[in-house]
**Student:** 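Below you will find the structure I want to go over with you.
No hydrogens, no waters, no symmetry mates; every other heavy atom, side chains included, goes into these values.
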Amino acid sequence: MLFALCVLGCHDQSAPEPVDPTTTHRPGVAQADRGESVLTDLARSGSNEPAWFDDVTSSSGIDFVHVSGDSPEKPFPAANGSGLGMLDFDLDGWQDLLFLTGTQFPVDVNRKKPRNRIYRNRGELHFEDVTDQTGLGHTGFSAGLAVGDFDNDGFPDVYVTCFGANQMYLNRGDGTFDEVGEQAGVGHAQWGTSAACLDFDNDGFLDLYVCNYGKWSLDTNPFCGDPARGVRVFCSPRSIEPLHDVLYRNLGDGRFENVTEAVGLATAPARSQGIVAADLNNDGWIDLYVGNDLQANSLFLNRGGAKFESVGELMGAAYDYVGNMQASMGVDAADTNGDGWLDLFATNFEDEHNALYENLRGEFFDEVAHQRGLARESLPWVGWGTLFADFDLDQRLDVIVVNGHVDNNRRELGQDSSYEQPPLVWKNNGNRFDFLGVAAGKFFESRGCARGLSIGDLDNDGAVDVVVGHQDAAPVVLRNRNRAPPEAVSRIIRIHLVGTRSNRDAVGSRLVVDDPTGTSQMRIVRGGGSYLSAHDLRQVLVTSKANEPIVVSIHWPNGMHHTLEPLVPGHQYVVIEPPDKTDPHPRVLNRGRLQ
């Protein structure tokens with residue numbers, strides 16, 4: 001029935017889209033009264049339980065302020081913003097923070113400011129600006145980033161997508177980075193957005209998928225809005241001719257090869273925004289899901305490391321539940337219901353609910369956001385960054401979404417669309433997600449114009465913290481308070497996987513725990529996820545009872561499978577893949593108690 005609906009109701013992708021640059025950015029106007037009604041419900045949804053998050057930005061030492069590049073000319077790339085990332089660039093055990101920025105148009109890379117900035121984590125949620133020492137202060141228009149160990153030397157490298165030439169920074173292991181994009185063959189100059197690391201051919205080297213948005217120039221930028229009143233807004237995405245994304249194969253010698261056409265990915269160009277790489281049909285090969293702007297979302301299944309097959313429409317992951325095309329930005333993949341199959345999530349524009357696609361055992365995806373409680377509160381807002389994580393340490397994956405409009409002057413056109421919008425969190429209660437509202441913390445009572453979102457354990461206490469990037473404003477650092485109860489640490493295990501035969505970051509791995517209570521946890525090391533951002537690759541697992549050891553099964557990207565001896569809660573572990581296929585035992589290092 002769902003497939004029939006898609007066949008009858010989905011847009012004809014073979015027909016060219018009409019281009020009307022005089023229209024506003026996207027169709028649909030969220031009504032202020034509806035948005036305020038939702039916020040009223042948010043206030044009612046608060047409880048006497050402790051808040052999930054504290055805003056610790058003011059004491060963090062982070063003084064970065066993003067620059068979008070917005071101006072009276074309304075340069076389109078400025079609307080989409082920039083991302084941010086977590087990485088332990090100096091291998092001291094603490095996740096550092098890298099913030100990207102746009103710049104004024106026309107872009108001049110010789111400007112000294114604004115520039116990307118990286119902050120070293122000094123512990124206790126305090127950060128120090130080390131941009132000058134590292135060489136990561138690019139001054140062009142930076143959009144997204146991917147973090148991965150491309151040369152398998154143990155140190156994380158950084159890839160930055162740009163409006164202009166993309167940048168690849170190799171970590172030299174001494175606190176500095178070298179920009180090698182052109183030499184490596186990955187410095188193409190288009191309009192890059194999100195990027196993801198993956199080992200699509202399982203040869204042990206991280207490959208790179210780069211999303212491209214479209215063709216645009218300031219010289220050909222049309223006037224959109226109301227010329228009579230002199231009110232100019234960003235043009236519709238339909239005014240932008242889409243481009244093909246690019247897949248680069250890592251040759252293992254510092255060079256990358258563009259294999260987009262060779263592996264079947266040069267099928268239809270799209271305005272790509274978000275990308276997540278994960279094994280979606282449990283066949284041992286990492287697949288790709290791409291959120292596209294006012295085009296069908298893309299699902300590419302990996303057929304044995306040699307070809308990808310486009311199956312988004314066929315498998316029900318391209319449109320919403322009635323076959324409507326949406327304007328997707330952020331995406332993520334996770335096993336939200338504990339059935340062992342990865343589901344998909346996409347954030348969308350106002351009047352388009354955020355979409356949850358449940359995986360029906362690799363045969364089909366069922367869009368069930370309404371049934372699972374994720375649709376109503378998202379409708380008035382423009383969603384961007386999003387990620388699944390077990391924020392409250394109850395073994396189930398919750399979801400966070402950050403929002404913000406593209407135009408800050410819609411009211412001058414008589415439209416009640418708010419530029420600054422609230423962030424949203426839903427708690428996973430098993431069969432349904434319950435909207436948490438302001439109970440998540442004071443930050444969730446506020447409004448901002450958000451874009452990037454990254455998560456990870458910034459204070460090494462075992463709970464997942466959050467960093468949010470904003471347009472033309474400072475980021476926000478949120479400390480997860482759910483570790484605060486004394487008994488919480490006795491239920492948490494954190495695992496960092498290290499590949500040997502697989503890629504060093506173990507992207508594509510999955511960790512599985514079958515709890516005696518019947519609750520199954522599956523956590524994945526995914527490539528990409530969220531919007532324009534990169535995340536802590538360490539995984540958090542939770543026991544049902546305090547101090548109860550748990551047995552963890554690890555499925556490595558190359559097909560090896562290991563079951564670890566029971567691990568002790570309250571500790572952090574490094575698990576190293578056996579270099580020999582005949583060795584049944586990975587090396588497990590206990591790195592001590594969580595902070």
Side-chain angles (χ1 to χ4, degrees), residues 25-26 66 68-69 75-85 98-103 107 116 138 140-147 158-168 181 186-198 208-217 234 237 239-248 260 265 268-277 288-298 300 326-332 346-349 382-387 402 404 406 450-454 469 471 527-535:
H25 191 73
R26 295 176 176 88
H66 176 261
S68 71
F76 198 117
N80 291 349
S82 307
L84 59 137
L98 174 60
F99 297 96
L100 305 186
T101 186
T103 188
V107 175
N116 301 336
H138 181 58
F141 189 99
S142 297
L145 77 160
V147 174
V158 176
Y159 186 76
V160 178
T161 66
C162 301
F163 180 82
N166 294 343
Q167 311 286 300
M168 174 171 276
V186 294
H188 72 268
Q190 293 181 324
W191 177 1
T193 54
S194 295
C197 299
L198 71 156
L208 182 64
Y209 188 93
V210 182
C211 294
N212 286 317
Y213 192 84
K215 297 180 181 180
W216 179 88
S217 73
F234 289 108
S239 68
I240 304 295
E241 180 184 347
L243 288 170
H244 287 295
D245 296 341
V246 180
L247 177 65
Y248 292 105
T260 313
L265 288 172
R271 292 179 289 268
S272 301
Q273 300 236 67
I275 168 70
V276 63
L288 298 162
Y289 186 67
V290 184
N292 298 321
D293 198 354
L294 279 180
Q295 292 179 273
N297 290 346
S298 303
F300 299 108
Q326 296 183 298
S328 295
M329 274 74 83
V331 296
D332 200 15
T347 61
N348 295 301
F349 203 71
V382 181
W384 299 91
T386 183
L387 287 165
V402 295
V406 293
R451 292 295 187 267
L453 169 75
S454 181
Q471 289 281 81
S530 190
Y531 176 73
L532 306 178
S533 300
H535 324 289

**Student:** With a 4.5 Å cut-off on side-chain heavy atoms, are Asp293 and Phe349 touching?
**Tutor:**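 Result no, sub-4.5 Å side-chain heavy-atom pair not found.
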**Student:** Would you compute the distance between atom OG of Ser533 and atom CG of Leu453 and round it to the nearest 0.5 angstrom?
**Tutor:**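 Nearest 0.5 Å value for the OG-CG distance: 6.5 Å.
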**Student:** If every non-hydrogen atom of Pro269 is compared with every non-hydrogen atom of Gln295, which pair is closest and at what distance?
**Tutor:**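 Heavy-atom minimum between the residues: O-NE2, 3.3 Å.
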**Student:** For Asn292, check side-chain hydrogen bond (donor to acceptor under 3.5 Å, both in side chains) against everything at least two apart and list the hits.
**Tutor:**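 Only Ser272, Ser298 meet the side-chain hydrogen bond (donor to acceptor under 3.5 Å, both in side chains) criterion with Asn292.
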**Student:** Give a yes-or-no answer on whether the side chains of His66 and Ser82 include a donor-acceptor pair shorter than 3.5 Å.
**Tutor:**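 Yes, Ser82 and His66 have a side-chain donor paired with an acceptor closer than 3.5 Å.
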**Student:** CG of Leu243 to SG of Cys211: how many Å apart, nearest 0.5 Å?
**Tutor:**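 Between Leu243 CG and Cys211 SG, I get 11.5 Å after rounding to 0.5 Å.
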**Student:** Can you name the ring pair (Phe, Tyr, Trp, His ring centres under 6.0 Å) partners of Phe300, sequence neighbours left out?
**Tutor:**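 With sequence neighbours excluded, Phe300 shows a ring pair (Phe, Tyr, Trp, His ring centres under 6.0 Å) to no residue whatsoever.
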**Student:** Is there a donor-acceptor contact under 3.5 Å linking the side chains of Tyr213 and Asn80?
**Tutor:**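 No - no donor-acceptor pair under 3.5 Å links their side chains.
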**Student:** Would you indicate whether the side-chain heavy atoms of Asn212 and Thr193 approach each other to under 4.5 Å?
**Tutor:**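 Sidechains of Asn212 and Thr193: no contact.
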**Student:** Flag the pair Tyr531 / Trp384 as yes when their ring centroid distance falls below 6.0 Å, and as no otherwise.
**Tutor:**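 For Tyr531 and Trp384, the ring centres are under 6.0 Å apart.
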**Student:** Checking the side chain of His535 only, and the main-chain atoms of Gly529 only, is there a donor and an acceptor separated by less than 3.5 Å?
**Tutor:**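 Flag set: sc His535 to bb Gly529 pair under 3.5 Å.
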**Student:** For the residue pair Ser328 / Asn297, report whether a side-chain donor-acceptor contact shorter than 3.5 Å exists.
**Tutor:**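 Per modelled atom types, Asn297 and Ser328 side chains form a pair under 3.5 Å.
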**Student:** Got Val290 and Asp245 here, is their nearest side-chain heavy-atom distance under 4.5 Å?
**Tutor:**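 Counting from C-beta outward, Val290 and Asp245 do come under 4.5 Å.
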**Student:** Are any non-hydrogen side-chain atoms of Thr161 and Leu145 less than 4.5 angstrom apart?
**Tutor:**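 In short, these two side chains do not touch, never coming nearer than 4.5 Å.
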**Student:** To the nearest 0.5 Å, tell me how far Leu265 CG sits from Leu247 CG.
**Tutor:**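 Nearest 0.5 Å value for the CG-CG distance: 6.0 Å.
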**Student:** Please report the interatomic distance CG(Leu532) to OG(Ser454), rounded to the nearest 0.5 Å.
**Tutor:**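 With rounding to 0.5 Å, CG (Leu532) is 12.0 Å from OG (Ser454).
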**Student:** Identify the residue among Phe141, Phe234, Phe163 that makes a ring-ring contact (aromatic ring centres under 6.0 Å, His included) with Trp216.
**Tutor:**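 Considering Phe141, Phe234, Phe163, a ring-ring contact (aromatic ring centres under 6.0 Å, His included) with Trp216 is found only for Phe163.
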**Student:** Who passes ring pair (Phe, Tyr, Trp, His ring centres under 6.0 Å) against Tyr289, sequence neighbours left out?
**Tutor:**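 Tyr289: no ring pair (Phe, Tyr, Trp, His ring centres under 6.0 Å) contacts found.
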**Student:** Look up atom CZ in Arg271 and atom CG in Leu294, then write down how far apart they are to the nearest 0.5 Å.
**Tutor:**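 Separation between the atoms: 6.0 Å.
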**Student:** Are Tyr159 and Val147 packed together at the side-chain level, in the sense that at least one heavy-atom pair is separated by less than 4.5 angstrom?
**Tutor:**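 Answer no - side chains too far apart.
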**Student:** In sequence, state the C-alpha distance, the side-chain angles, and the governing distance for Val382 and Met329, and then conclude on side chain to side chain contact (heavy atoms under 4.5 Å, CB included).
**Tutor:** CA-CA 9 Å; Val382 181; Met329 274 74 83; 3.7 Å; yes
**Student:** Specify the closest pair of heavy atoms between Pro75 and Gly69, including all atoms of both residues, with the distance to one decimal.
**Tutor:**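 What the structure gives for the nearest pair is CG-O, 3.3 Å.
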**Student:** Between the side chain of Arg451 and the main-chain N/O of Ala79, is any donor-acceptor distance below 3.5 Å?
**Tutor:**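 Yes; at least one donor-acceptor contact below 3.5 Å.
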**Student:** Is any side-chain heavy atom of Phe76 closer than 4.5 Å to a side-chain heavy atom of Trp191?
**Tutor:**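 Answer yes - side chains close enough.
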**Student:** I'd like to know if the side chain of Thr101 pairs up with that of Asn116 as donor and acceptor (distance under 3.5 Å, no hydrogens or angles considered).
**Tutor:**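 Checked: Thr101/Asn116 side chains show no N/O donor-acceptor pair below 3.5 Å.
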**Student:** So how far is it from Leu100 CG to Gln167 CD, rounded to the nearest 0.5 Å?
**Tutor:**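 Rounded to the nearest 0.5 Å, the CG-CD separation comes to 11.0 Å.
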**Student:** What's the shortest heavy-atom distance between Ser194 and Gly274, and which atoms?
**Tutor:**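 Smallest heavy-atom distance, with atoms named: OG-CA, 3.7 Å.
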**Student:** What are the two closest heavy atoms between Gly383 and Thr347, and how far apart are they?
**Tutor:**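 Closest approach of Gly383 to Thr347, heavy atoms only: O-OG1, 3.3 Å.
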**Student:** Is the shortest heavy-atom distance from the side chain of Thr386 to the side chain of Val331 under 4.5 Å?
**Tutor:**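 They are not in side-chain contact.
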**Student:** Considering only heavy atoms from C-beta outward, does the side chain of Leu208 approach that of Met168 to under 4.5 Å?
**Tutor:**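 Side-chain contact under 4.5 Å: yes.
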